[in-house]
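Encoded as structure tokens, the structure appears first; notes follow it.
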Amino acid sequence: MKVTVIQETPWSRALDAARRTMGKEPLHKEPSESWKARMLLSEHSPIKLVEYAIHFQGLRQWVGVHLLRHEHVLPFIHSQREDRRKLNCSRDELPQGSVNDQDFIVNAQTLINISRKRLCFRASKETREAWKAVKAEIAKHDMVMADKMVKNCVYSGFCRELKCCGFVHTGEYEEEVRQYRKVDYEKSRYFFA
């Protein structure tokens with residue numbers, strides 16, 4: 001499986017929308033990393049304006065089904081119709097584990113919501129690996145967004161699962177909580193030429 005993520009709309013769009021709610025004029029510039037962190041943690045509505053296109057190559061069909069179940073995911077799954085594509089077998093004979101190319105359009109709020117469920121150790125291992133790959137791709141260009149894509153226990157401060165995996169009792173959990181709650185980003189640390 002290969003994943004590519006493209007940020008379709010800039011953070012300046014969210015900043016300008018937030019300013020308009022306060023009766024201020026748009027700035028048409030990218031906000032600071034700290035502003036993005038505070039907006040993502042507060043989950044105010046302007047973050048819904050920051051959109052991403054996620055392109056999967058060779059994603060298992062059933063993993064894609066896990067992802068498209070989330071609200072506000074706009075899926076574009078390559079057709080398995082025999083009149084549209086050449087298949088190695090009848091469409092009826094394709095197993096759930098067959099791979100396909102799948103694209104999803106999501107916003108920053110949806111990235112947060114999917115991460116809460118799909119990064120959890122109680123989630124399917126294959127789905128967790130696919131979503132970790134999405135997070136890693138986002139981290140290459142926007143570490144603040146990636147830092148706010150966390151498991152539900154990190155997000156909530158406790159485990160919500162019926163059968164806890166025990167992660168909340170580890171030092172790694174404490175480190176993830178610290179990174180998730182961070183708002184004091186230094187812009188130079190995340191400069192990408």
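- Shown here for V50 and A14, the closest heavy-atom pair between the two residues is CG2-CB, 3.8 Å.
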Donor-acceptor contacts, no H, no angles, side chain residues 19-26, under 3.5 Å, sequence neighbours left out:
residue : atom : partner : partner atom : Å
R19     : NE   : E25     : O            : 2.7
R19     : NH2  : E25     : O            : 3.2
T21     : OG1  : A18     : O            : 2.6

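- When only modelled atom types and interatomic distance are considered, N107 and E51 share no side-chain donor-acceptor pair under 3.5 Å.
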Report the C-alpha distance between W35 and V183 in whole Å, list the side-chain angles of each, state the deciding distance to 0.1 Å, and finish with yes or no for side chain to side chain contact (heavy atoms under 4.5 Å, CB included).
-> CA-CA 8 Å; W35 185 88; V183 293; over 6 Å; no
Evaluation steps, side chain to side chain contact (heavy atoms under 4.5 Å, CB included), between I114 and L67 = CA-CA 7 Å; I114 294 173; L67 298 178; 4.2 Å; yes
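- In this structure, SG in C165 is found 8.5 Å from NZ in K151, a value given to the nearest 0.5 Å.
- In terms of hydrophobic clustering, with Ile, Leu, Val, Met, Phe, Trp and Tyr side chains grouped at heavy-atom distances under 4.5 Å, W131 and Y52 are assigned to a common cluster.
- The main-chain N or O of I77 is never found under 3.5 Å from a side-chain atom of N100 such that the two would form a donor-acceptor pair.
- In this structure a side-chain-to-backbone donor-acceptor pair under 3.5 Å is missing from E161 to K163.
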Given L74 and V106, is the side chain to side chain contact (heavy atoms under 4.5 Å, CB included) satisfied, shown in steps?
-> CA-CA 7 Å; L74 184 58; V106 298; over 6 Å; no
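- Between the S156 side chain and the C153 main chain, no donor and acceptor come within less than 3.5 Å of each other.
- In the hydrophobic clustering of this structure, V65 does not group with V73; members are Ile, Leu, Val, Met, Phe, Trp, Tyr whose side-chain heavy atoms approach within less than 4.5 Å, directly or through other members.
- Taking N113 as the reference, E43, Q109 meet the side chain to side chain contact (heavy atoms under 4.5 Å, CB included) condition, with sequence neighbours excluded.
- A distance of 11.0 Å separates NZ of K2 from NE2 of H55, quoted to the nearest 0.5 Å.
- H70 pairs by the ring pair (Phe, Tyr, Trp, His ring centres under 6.0 Å) definition with nothing, not counting sequence neighbours.
- Annotation: side chain of S115 is not in contact with side chain of V150 (no heavy-atom distance under 4.5 Å).
- Nearest heavy-atom pair, L59 versus A130, reported as atom, atom and distance to 0.1 Å: CD1-CB, 4.0 Å.
- Residue pairs meeting the ring-ring contact (aromatic ring centres under 6.0 Å, His included) criterion with at least one member in residues 163-183, sequence neighbours excluded: F121-F167, F167-Y173.
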Under the side chain to side chain contact (heavy atoms under 4.5 Å, CB included) rule, what do I112 and Y155 come out as? Steps first, then yes or no, please.
-> CA-CA 9 Å; I112 291 169; Y155 177 90; 4.1 Å; yes
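- Residues L40 and A108 approach most closely at CD2-CB, 4.0 Å, considering heavy atoms.
- A distance of 10.5 Å separates NZ in K148 from CZ in R181, rounded to the nearest 0.5 Å.
- With N152 contributing its side chain and K117 its backbone, the two residues share no donor-acceptor pair below 3.5 Å.
- Connection of M1 to I6 is not established within any shared hydrophobic cluster, with ILVMFWY side chains joined at heavy-atom distances below 4.5 Å, either directly or through further cluster members.
- At a threshold of 4.5 Å between non-hydrogen side-chain atoms, the residues D103 and I54 do not count as touching.
- Under the 6.0 Å distance and 45° angle rule, K182 counts as a cation-pi partner of Y185.
- Judged as a salt bridge (Lys or Arg N to Asp or Glu O under 4.0 Å), the pairs with a partner in residues 122-139 (not counting sequence neighbours) are, in order, K125-E129, E137-K140.
- Hydrophobic clustering, with ILVMFWY side chains joined whenever heavy atoms are under 4.5 angstrom apart, keeps V99 apart from F76.
- Atom CZ of residue F104 and atom OG1 of residue T110 lie 12.5 Å apart, to the nearest 0.5 angstrom.
- L119 approaches M149 most closely through the heavy-atom pair CD1-O, 3.4 Å.
- At a threshold of 4.0 Å, the pair D142-K36 counts as salt-bridged, since one of the basic side-chain nitrogens sits closer than that to a carboxylate oxygen.
- Using a 4.5 Å heavy-atom cutoff, the side chains of L27 and D16 are in contact.
- Within the structure, ring-ring contact (aromatic ring centres under 6.0 Å, His included) contacts touching residues 2-28 (residues at least two apart or in different chains) do not occur.
- Hydrophobic clustering (side-chain heavy atoms under 4.5 Å, transitive across Ile, Leu, Val, Met, Phe, Trp, Tyr) groups L68 together with W62.
- The closest donor-acceptor contact from the side chain of E30 to the backbone of S12 lies under 3.5 Å.
- Of the possible polar contacts, none joining the T127 side chain to the R118 backbone as a donor-acceptor pair under 3.5 Å is found.
- Interatomic distance, D147 CG to E176 CD, rounded to the nearest 0.5 Å: 10.0 Å.
- Atom-to-atom distance recorded for M39:CE and L15:CG is 8.5 Å, nearest 0.5 angstrom.
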